[in-house]
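Right, one structure below, let's go through it.
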Amino acid sequence: MITRIEIDGFKTFDRFSLDVPPFLVLLGANGSGKSNLLEAIALLGRLVQKPSSQTLVRHARRGGPRELFRRRPDGSLADEIHIGANVLLETSQFGLVHVGVDAYIGYREAPDPLNVEVSIGGVGSYGLLMPEQVAADIDDSAPYVYREGPGEDPRLDGVVYHALKRAIDGWHLLDPLPDAMRQPADAYDAEALTEDGRNLGAVLGRLWRTPELKSAFLADVAAVLPDVRELDVVQDEVQAQWDIWIQHKYEPRMAPRVVSGGTLRVLALLAAAHDPAHPGVLMVEEPENGLHPNRVPRLLERLKGRVTDLATYKQPGNGDRDALRQIIVTSHSPVVLASLLDEASQDVVFMDTVTRLERGESPTRLTRARRVGVTGERGTYVTPMEVRQYLDPVGYAHGA
């Protein structure tokens, strides 16, 4: 679980920082930096697993490695990118530990490889809103996160490093596509839901093996899609694949190839949130796509119900390790804001770009993040008037 993100020199980010709760909604117009933030998180995970310039060549999204560097007012590129995160981990030996992970990417002209360095350090219970005893246990375990032999520099304990790699494996960007989800899933597939959702049947097949998991998933489906009367997943032993069957009220049973893309998207997002084999950080672009506005609040409610509540967290037993789950979504929909504003405004962060003017330099566009508030330093929070404007962008409520 990511508890804090810091970005500098990456695209439109300059000395950017954001505390990240277990459920976070990033709201903003197109081009405000929402997707870039998710991209930075995913890239950090890749760099921890393989800290090399080639990782950037293969996994940079929407542009090559050179396009990752922020442009200065004079058109030159930043010398270095820094992407850092505080990550909460569950380990078999120490229980919960809290580590800071930082990736530094130094710019070089092609064809020289970019310089990549990754560092990992302990941060204790800093910034965590957790029960006092749990926070104390994290601080007590902090000295054991590192091992130091005679004449050696401190290094991350092997158990903690393994837990970090396992946690990063659970950082998933999701943007399920109807055409992909309409394909049968291989019965041998044991992976998490893919970015495009093409293995949806395999994920549902895992849920169907346990009656309690299946029942909980179907309850969420019924809440979000009340017109779905029956949902079943059957293994075709001859073809070694999973077949999904969906029946709406007053209609015959249908295969995914004739079901709406919005329905399949809801099934995929809920399936990923329920998947017991693959907890972690789910990053979802615009979950409201293809869904009627009056069903969006219920989808967000059900997704939030699947995350780990740190405020009431209890140290798990050995059989419950790796259960931390976090969901980060992006949206530009006023419906999403309206569904969260009254009871969960702390889960909402507004993102936009602002122009920075410095003497003797050209204007620079930078990304900022603000939470809803009523007081504070100007420009650091979203005012009630800005909230009203976001909820009513074309002025219908005012007779315009």
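Model, not experiment: these values are computed from the prediction.
Applying the ring-ring contact (aromatic ring centres under 6.0 Å, His included) test to residues at least two apart or on different chains, the pairs with a partner in residues 3-32 are Phe13-Phe16. A ring-ring contact (aromatic ring centres under 6.0 Å, His included) check over residues 34-70, counting only residues at least two apart or in different chains, returns the pairs Phe69-Tyr107. Residue pairs satisfying the salt bridge (Lys or Arg N to Asp or Glu O under 4.0 Å) criterion with at least one member in residues 201-221, sequence neighbours excluded, are listed as follows: Arg206-Asp275, Asp220-Arg302. The ring-ring contact (aromatic ring centres under 6.0 Å, His included) pairs that include a residue from residues 369-390 are Phe350-Tyr390, where partners are two or more places apart or lie in different chains. Annotation: ring-ring contact (aromatic ring centres under 6.0 Å, His included) contacts involving residues 218-274, sequence neighbours excluded, comprise Phe217-His274. Under the salt bridge (Lys or Arg N to Asp or Glu O under 4.0 Å) criterion, no residue pair touches residues 108-124, with sequence neighbours excluded.
Proximity of Val307 to Gln326: side-chain heavy atoms (C-beta onward) are nowhere separated by under 4.5 Å. For the pair Ser339/Leu300, a side-chain contact is recorded, criterion being any heavy-atom separation below 4.5 Å from C-beta on. When side chains are defined from C-beta on, Met130 counts as touching Leu96, because their heavy atoms get closer than 4.5 Å. Residues Val336 and Leu27 are in side-chain contact: their nearest non-hydrogen atoms beyond the backbone lie under 4.5 Å apart. Contact check for Val118 versus Asp102: no side-chain heavy atoms found under the 4.5 Å cut-off. Between Leu24 and Asp347, the closest side-chain pair of non-hydrogen atoms is not below 4.5 Å. With a 4.5 Å cut-off on side-chain heavy atoms, Val281 and Ile41 do not count as touching. Side-chain contact between Arg325 and Arg306: present, with at least one pair of heavy atoms (C-beta onward) separated by less than 4.5 Å.
We find the CG-CG distance between Leu37 and Leu26 to be 5.5 Å, quoted to the nearest 0.5 Å. Here the CD1-CG distance, from Ile5 to Leu18, works out to 8.5 Å after rounding to the nearest 0.5 Å.
Of the possible donor and acceptor atoms, none in the side chain of Thr210 sits under 3.5 Å from a partner among the backbone N and O of Leu207. Not one N or O on the side chain of Arg61 forms a donor-acceptor pair closer than 3.5 Å with the backbone of Leu43. Not a single donor-acceptor pair under 3.5 Å links the side chain of Ser125 to the backbone N or O of Leu128. Put simply, the side chain of Arg265 gets close to the backbone of Pro176: a donor and an acceptor are under 3.5 Å apart. At least one donor-acceptor pair closer than 3.5 Å links the side chain of Asn199 to the backbone N or O of Thr194. Side-chain atoms of Asp14 do not come within 3.5 Å of backbone N or O of Asp8 as any donor-acceptor pair. In this structure, Lys34 contributes its side chain and His332 its backbone to no donor-acceptor pair below 3.5 Å. Checked by atom type and distance alone, the side chain of Glu132 never pairs as donor or acceptor with a backbone atom of Ala136 at under 3.5 Å.
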- Query: Could you go step by step and tell me if Lys249 and Glu251 meet the salt bridge (Lys or Arg N to Asp or Glu O under 4.0 Å) rule?
  - Reply: CA-CA 5 Å; Lys249 291 180 179 179; Glu251 294 184 11; over 6 Å; no
- What's the verdict on side chain to side chain contact (heavy atoms under 4.5 Å, CB included) for Leu56 and Val116, showing C-alpha distance, side-chain angles and the deciding distance? CA-CA 9 Å; Leu56 299 166; Val116 177; 4.1 Å; yes
- Task: Carefully, step by step, assess Val160 and Val99 under the rule side chain to side chain contact (heavy atoms under 4.5 Å, CB included).
- Result: CA-CA 9 Å; Val160 178; Val99 300; 4.2 Å; yes
- Message: Between Arg370 and Glu386, is the salt bridge (Lys or Arg N to Asp or Glu O under 4.0 Å) condition met? List the steps.
- Response: CA-CA 11 Å; Arg370 299 176 297 155; Glu386 288 178 285; 3.1 Å; yes
- Message: Between Arg62 and Glu39, does the salt bridge (Lys or Arg N to Asp or Glu O under 4.0 Å) criterion hold? Intermediate values first, please.
- Response: CA-CA 9 Å; Arg62 297 185 302 168; Glu39 179 183 345; 3.7 Å; yes
- Task: Please test Ile327 against Val329 for side chain to side chain contact (heavy atoms under 4.5 Å, CB included), starting from the C-alpha separation and ending with a verdict.
- Result: CA-CA 7 Å; Ile327 297 179; Val329 305; 3.8 Å; yes
- Candidate pair Arg253 and Glu230, rule side chain to side chain contact (heavy atoms under 4.5 Å, CB included), full reasoning: CA-CA 8 Å; Arg253 195 169 69 154; Glu230 185 178 352; 5.6 Å; no
- Item | salt bridge (Lys or Arg N to Asp or Glu O under 4.0 Å) between Arg72 and Asp79, intermediate numbers included | CA-CA 10 Å; Arg72 299 189 181 100; Asp79 296 326; 3.0 Å; yes
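Taking every heavy atom of both residues into account, Pro297 and Pro293 meet most closely at CD-O, 3.3 Å. Here the closest non-hydrogen pair linking Asp186 and Tyr188 is OD1-N, 2.8 Å. Residues Leu303 and Ala273 share a closest heavy-atom pair of CD2-CB, 4.0 Å. Residues Leu213 and Pro276 approach most closely at CD1-CG, 3.4 Å, considering heavy atoms.
Residues that satisfy the side-chain contact (heavy atoms from CB on, under 4.5 Å) test with Asp309, not counting sequence neighbours, are Ala311, Thr312. In this structure, Arg378 has no salt bridge (Lys or Arg N to Asp or Glu O under 4.0 Å) partners at least two apart in sequence or on a different chain. Under the side chain to side chain donor-acceptor pair (under 3.5 Å) criterion, Thr308 pairs with no residue at all, not counting sequence neighbours. Legend: residues meeting side chain to side chain donor-acceptor pair (under 3.5 Å) with Asp169, ordered by chain and number and at least two apart, are Gln49. For Asp179, the salt bridge (Lys or Arg N to Asp or Glu O under 4.0 Å) partners at least two apart in sequence or on another chain are Arg182. The side-chain contact (heavy atoms from CB on, under 4.5 Å) test applied to Gln239 returns Asp236, Gln241, not counting sequence neighbours.
For Leu129, the CG atom counts as loosely surrounded, since its 6.0 Å shell holds 12 or fewer non-hydrogen atoms of other residues, nucleotides or ligands. Within 6.0 Å of the CD atom in Glu237, the count of heavy atoms belonging to other residues, nucleotides or ligands does not exceed 12.
Evaluated for a side chain to side chain contact (heavy atoms under 4.5 Å, CB included) with Leu225, the options Leu299, Leu270, Ile246, Leu291 yield exactly one hit, Leu291.
In the model, Thr3 has a side-chain atom that pairs as donor or acceptor with a side-chain atom of His98 under 3.5 Å. No hydrogens or angles considered: a donor-acceptor pair under 3.5 Å links the side chains of Thr353 and Arg365. Side-chain contact check for Thr330 and Glu285: at least one donor-acceptor pair (N or O, by modelled atom type) lies under 3.5 Å. In the model, His172 has no side-chain atom that pairs as donor or acceptor with a side-chain atom of Glu195 under 3.5 Å. Judged purely by distance below 3.5 Å, without hydrogens or angles, the side chains of Ser32 and Asp352 never pair a donor atom with an acceptor atom.
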